[in-house]
Amino acid sequence: MHITDIMRGEYPTFSFEFFPPKTPEAAETLYQTIRDLESYMPDFVSVTYGAGGSTRELTHDLVERIQHTTKLNPIPHLTCVCHNEEEIQAILRRYAKSAIGNILALGGDRPAEMSYDKSRDSFQHAIDLVKFVRRFNESGAHPDRRGFGIGVAGFPEGHPATPNRLVEMDHFKAKVDAGADYIVTQLFFDNHDFLDFRERCALAGVHIPIIAGIMPITSIGGLKRMAELAGGARFPAKLLRALQSCQDNPEMVRRVGIQYALEQCHDLTANDVAGVHFYTLNRSDATRTIFDGVIETCNLRAFSWGSRFGRTFAGARAFCA
């Protein structure tokens, strides 16, 4: 299904992100997560791509397995790093053959364990990849006459490579104008950053749907890894204070992290967010708890969403009791 069809509904979309497993044990965990979350009928699920394309075949295989063996709508990540045009063309043809409807075109992370010369990449920035996918769409090689729906990343807290926020928005608008259909943001913990980013996009003439990326903190170790990986991520004092108050109690840390993410989702839906994208880390428990909580406590919207998902939600969950 093309993203323009997915985003046509009256209510926000909900979606999940997975990453390709590297071991049989991880694969089993992931497939159990997929089974757990399939019943929630997300609008789509995205599948990540390792730094430098290190998991490219695993990504392709997982995307096709989801497409052919589940009712989920997979959106694969595609990155610039360590790719030439012939490789990207072959990947797009493979996905088109499997009737994959959408792509998330990203700059990509530098590979950490190999020498890397960016100047040798055919695609220097995400905008180059967006333009290439758009040309593929225009070639008529996709079974959908519209071709792939093209998504790009948004950075509510600012792109770490461009400190000048005015220049950054110029670059971002150019990327969108190159052919993007939707935006999925990096994770953030202060909704004011997202809402301000959305408003700045509107002022710049960017009017495609902006989907908010949410990642619940479920452990202190996870918090530290997140700070390392999501370069520049801001952790509000309110969140840090709540986590520090129970840092010696792993279950309470998990509850605090889930409650905080749930409150973010409530506020986002109240502010007419186009969609919420959960970074699941291939585990379903926290995402399911948050998702149920959003549905159960959104008053009139709960009835519409509950009907949509064929579920009956009775009463709100108790968090951090």
Side-chain angles (χ1 to χ4, degrees), residues 1-7 13-20 42-64 66-67 72-83 87-89 91-96 98-109 123 125-137 142 144 146-156 159 171-172 174-188 197 201 206 208-215 229-230 274-282:
M1 183 180 293
H2 198 276
I3 193 68
T4 55
D5 300 324
I6 294 172
M7 303 298 297
T13 61
F14 286 91
S15 51
F16 308 127
E17 178 174 288
F18 305 129
F19 59 84
D43 294 278
F44 64 87
V45 297
S46 71
V47 181
T48 68
Y49 209 61
S54 58
T55 62
R56 65 180 64 173
E57 283 304 317
L58 293 172
T59 296
H60 304 332
D61 292 343
L62 178 57
V63 167
E64 291 180 323
I66 293 172
Q67 174 78 345
L72 300 174
N73 185 25
I75 297 183
H77 292 200
L78 199 56
T79 67
C80 299
V81 178
C82 297
H83 270 310
E87 290 169 336
I88 295 296
Q89 181 84 359
I91 293 169
L92 293 176
R93 285 176 178 164
R94 177 175 177 176
Y95 284 150
S98 291
I100 303 300
N102 307 283
I103 293 288
L104 192 56
L106 308 170
D109 298 325
F123 308 94
H125 303 284
I127 186 175
D128 303 318
L129 188 55
V130 171
K131 291 178 179 178
F132 189 85
V133 178
R134 182 59 64 187
R135 288 196 297 272
F136 180 89
N137 288 349
H142 195 285
D144 187 321
R146 298 167 294 184
F148 291 104
I150 305 173
V152 294
F155 300 84
H159 195 292
H171 291 333
F172 183 73
K175 179 172 67 173
V176 169
D177 289 347
D181 299 297
Y182 67 106
I183 300 160
V184 180
T185 76
Q186 295 286 79
L187 62 89
F188 58 91
F197 171 71
C201 283
V206 173
I208 60 176
I210 304 176
I211 299 170
I214 297 294
M215 180 182 286
L229 295 174
V276 178
H277 188 62
F278 293 101
Y279 296 108
T280 70
L281 298 180
N282 285 12

Out of curiosity, [X] [atom1] to [Y] [atom2], how far, rounded to the nearest 0.5 Å?
| X | Y | atom1 | atom2 | value |
| --- | --- | --- | --- | --- |
| Ile6 | Asn73 | CD1 | CG | 4.5 Å |
| Leu104 | Ile183 | CG | CD1 | 11.0 Å |
| Phe16 | Phe44 | CZ | CZ | 10.5 Å |
| Thr4 | Ile208 | OG1 | CD1 | 12.0 Å |
| Glu17 | Thr48 | CD | OG1 | 5.5 Å |
| Ile214 | Phe188 | CD1 | CZ | 4.0 Å |

For residues [X] and [Y], report the shortest heavy-atom separation together with the two atoms involved.
| X | Y | value |
| --- | --- | --- |
| Ile103 | Ile75 | C-CG2, 3.9 Å |
| Val130 | Gly179 | CG1-N, 3.8 Å |
| Tyr279 | Thr185 | OH-O, 2.7 Å |
| Ala126 | Ala105 | CB-O, 4.2 Å |
| Thr79 | Gly107 | CB-O, 4.1 Å |
| Val45 | Pro42 | CG1-CG, 3.9 Å |

With side-chain contact (heavy atoms from CB on, under 4.5 Å) as the test, would you mind laying out the steps for Cys201 and Ile210 before giving the verdict? CA-CA 9 Å; Cys201 283; Ile210 304 176; 4.0 Å; yes
Side chains of Glu64 and Ser98: any donor to acceptor distance under 3.5 Å?
yes
Strictly by modelled atom types, are His277 and Ser15 linked by a side-chain donor-acceptor pair under 3.5 Å? yes
Hey, is the main chain of [Y] close enough, under 3.5 Å, to the side chain of [X] for a donor-acceptor pair?
| X | Y | answer |
| --- | --- | --- |
| His142 | Asp144 | yes |
| Lys175 | Ala153 | yes |
| Asp61 | Leu58 | no |

Sequence neighbours excluded, the answer for side chain to side chain contact (heavy atoms under 4.5 Å, CB included) partners of Ala274 is Met7, Pro209
Hits for side chain to side chain contact (heavy atoms under 4.5 Å, CB included) against Asp181, two or more places apart or cross-chain, chain-then-number order -> His2, Ile3, Arg134, Ile150
Within the structure provided, determine whether Thr59 and His77 are in side-chain contact (heavy-atom separation under 4.5 Å). no
Worksheet item: Can you tell if the side chain of Ser46 reaches within under 4.5 Å of the side chain of Val184, non-hydrogen atoms only?
Response: no
Report the C-alpha distance between Leu106 and Tyr49 in whole Å, list the side-chain angles of each, state the deciding distance to 0.1 Å, and finish with yes or no for side-chain contact (heavy atoms from CB on, under 4.5 Å).
-> CA-CA 10 Å; Leu106 308 170; Tyr49 209 61; over 6 Å; no
Aromatic plane relationship, Phe132 with Phe123 - under 30° parallel, 30 to 60° tilted, over 60° perpendicular | perpendicular
Just do the side-chain contact (heavy atoms from CB on, under 4.5 Å) check on Leu129 and His83 with the steps written out, would you? CA-CA 10 Å; Leu129 188 55; His83 270 310; over 6 Å; no
Does the pair Met215 and Leu281 meet the rule for a side-chain contact (heavy atoms from CB on, under 4.5 Å), with working shown?
-> CA-CA 9 Å; Met215 180 182 286; Leu281 298 180; 4.0 Å; yes
query: Ring centres of Phe197 and Phe172 under 6.0 Å apart?
result: yes
